[in-house]
There are 2 protein chains.
Amino acid sequence: MDTQTRLLDHAETLARTRGFDGFSFADLALSTEIRKASVHYHFPAKADLSLALIARYRGVFLEKLHGISQAEPTAGARVLAFLDLYRAASDGGRSLCLCVALSVTQRALPDAARAELAAFHRDVTAWLEPVFRLAQADGSLRHVTDPRAEASAAMAQVEGAQIMARAARDATRFEAAIQSLVARVI
Amino acid sequence: MDTQTRLLDHAETLARTRGFDGFSFADLALSTEIRKASVHYHFPAKADLSLALIARYRGVFLEKLHGISQAEPTAGARVLAFLDLYRAASDGGRSLCLCVALSVTQRALPDAARAELAAFHRDVTAWLEPVFRLAQADGSLRHVTDPRAEASAAMAQVEGAQIMARAARDATRFEAAIQSLVARVI
DNA sequence: GTCTATACCTAGATAGAC
DNA sequence: GTCTATCTAGGTATAGAC
């Protein structure tokens, strides 16, 4: 695997477990076993790293969503698979979705990274909305009256669930927070 | 107003707008117009400040919740008032509830602060659960089947809504993310 | 209680050799 | 592409005068 990819992999893990401001190029250098200056060769500034991270993450995540659409015919099954994605990202409260991890970063991200982040949110809700619309048609999820509102709400709920699990370092908090959605699946 | 209180007020604002790691004692000294060393006199380490902040915040927030219970007789009205609290805390995407701001902090909080944070989450969901139970009795909120699950979900939803509004610096994201809950009020 | 001054450390980033 | 060495800025914290 090339150095660039290894750096992104380790940086993603660090950003998601400690927050983007919670690791330094020194930490990244340690975990990839190269020197700090070499990290700067690949990513001159941390701002460059943030952009590369979120851009890659968005592509990979969208692929997964499309995979769900192809594998699951019903809206209920798609929502459950969506929750699986975020459950995995939460990793028992040890980790956050990269999007959440960067969203809560204090230090100003470069405009390009902020735009990627906004695009990520837009893409995910844009994927969710037709899922809830499908639910109205196939009846595999109860009480859907406004697919657009449901899409926003579901995203907020999984993001909040990750935060709660992380604060308590307790995986069951995530489950408790999404239970109301799971229970609506027929 | 005494210095201690002024320090806590400014520190709370800074923590909620920039994140707890996003301000330094130097920033706090600047905004309160005393010297950095004097800040250290009141709060020897930043860990002490985190604990004082969350402990005070929990008390104040619980007071507000009790106020809602007394002022609003129906479950629907209580949920709307609860949302008002978080809408105000979000301040158009410029701010976060202190609890969220500290929950997403990268740097390890002292155990006592972590315990306060967990207690805050526990207290709020403990307040929400009987509200949803009341909804089942008074019919002022649609589709409540599991008050306990609803309490967890509502908390996740408002926390996630704050994160989304903050990431986009856009107040309408908060509204969009809680719309599904608002629409359930009769 | 508040101040000036300072010590210590870490993070981000660059220079220049190999 | 990777290294050693170094610079600078800023954050946390303390000493000691007033």
Side-chain angles (χ1 to χ4, degrees), chain A residues 1-56 98 101-102 104-114, chain B residues 1-56 98 101-102 104-114:
Chain A
M1 200 182 345
D2 67 340
T3 308
Q4 186 112 356
T5 306
R6 283 178 48 234
L7 281 168
L8 284 172
D9 288 346
H10 282 101
E12 183 177 323
T13 302
L14 286 166
R16 292 176 50 192
T17 53
R18 298 200 210 162
F20 187 70
D21 301 338
F23 74 95
S24 64
F25 273 31
D27 297 320
L28 186 50
L30 253 175
S31 73
T32 43
E33 293 183 305
I34 63 172
R35 296 308 117 187
K36 210 170 51 151
S38 309
V39 179
H40 278 284
Y41 170 79
H42 293 282
F43 302 101
K46 218 179 170 188
D48 303 303
L49 179 60
S50 71
L51 177 59
L53 276 177
I54 182 67
R56 185 179 76 149
L98 181 68
L102 288 185
V104 298
T105 285
Q106 300 85 355
R107 310 240 326 229
L109 295 175
D111 286 345
R114 294 190 58 78
Chain B
M1 201 184 340
D2 68 339
T3 307
Q4 185 111 355
T5 306
R6 283 179 48 236
L7 281 168
L8 284 172
D9 288 346
H10 283 102
E12 183 178 320
T13 301
L14 286 166
R16 291 176 50 190
T17 52
R18 299 198 208 162
F20 188 69
D21 301 338
F23 74 97
S24 65
F25 273 32
D27 297 318
L28 186 51
L30 253 175
S31 72
T32 42
E33 294 183 303
I34 61 170
R35 298 307 117 188
K36 218 169 41 154
S38 309
V39 179
H40 279 283
Y41 169 80
H42 293 281
F43 303 101
K46 219 177 167 186
D48 302 304
L49 178 59
S50 71
L51 177 58
L53 275 177
I54 181 67
R56 185 180 75 150
L98 181 69
L102 288 183
V104 300
T105 286
Q106 299 82 358
R107 310 239 325 232
L109 295 174
D111 286 347
R114 295 190 56 78

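Naming: A, B, ... by sequence-line order, numbering from 1 per chain. The structure displayed is predicted, hence computed values, not measured ones.
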Checking the side chain of A:Lys36 only, and the main-chain atoms of A:Ser24 only, is there a donor and an acceptor separated by less than 3.5 Å?
no
B:Tyr41 OH to C:dA5 P, in whole Å, measures 22 Å
Quick one: which of B:Asp9, B:Thr3, B:Leu8, B:Leu7 gives a side-chain contact (heavy atoms from CB on, under 4.5 Å) with B:Thr32?
B:Leu7
State, with a plain yes or no, whether a side-chain heavy atom of B:Leu109 is found less than 4.5 Å away from one of B:Ile54.
no
Rounded to whole Å, how long is the line connecting atom NE2 of B:His40 with atom P of C:dA7?
16 Å
Could you pull out the closest heavy-atom pair between A:Ser50 and A:Ala47, with the gap in Å?
OG-O, 2.7 Å
Would you classify A:Ser24 as touching base, sugar-phosphate or nothing, given that sugar-phosphate means primed atoms plus P, OP1 and OP2, and contacts are heavy atoms under 4.0 Å?
sugar-phosphate
Spacing between A:Leu30 atom CG and C:dA11 atom C1', to the nearest angstrom:
14 Å
A:Arg16 and A:Leu53: side-chain contact (heavy atoms from CB on, under 4.5 Å), yes or no, with the steps?
CA-CA 11 Å; A:Arg16 292 176 50 192; A:Leu53 276 177; over 6 Å; no
Under 4.0 Å between any heavy atoms, over every strand shown, what does B:Lys46 touch: base, sugar-phosphate, or nothing? Just pick one.
sugar-phosphate
Contact span of DNA chain D against chain B, any nucleotide atom under 4.0 Å from a heavy atom, 5' to 3', runs D:dG11 to D:dA15
C:dA15 P sits how many Å from A:Lys36 NZ, rounded?
15 Å
Where the side chain of B:Arg6 meets the backbone of B:Met1, is there a donor-acceptor pair that is under 3.5 Å apart?
no
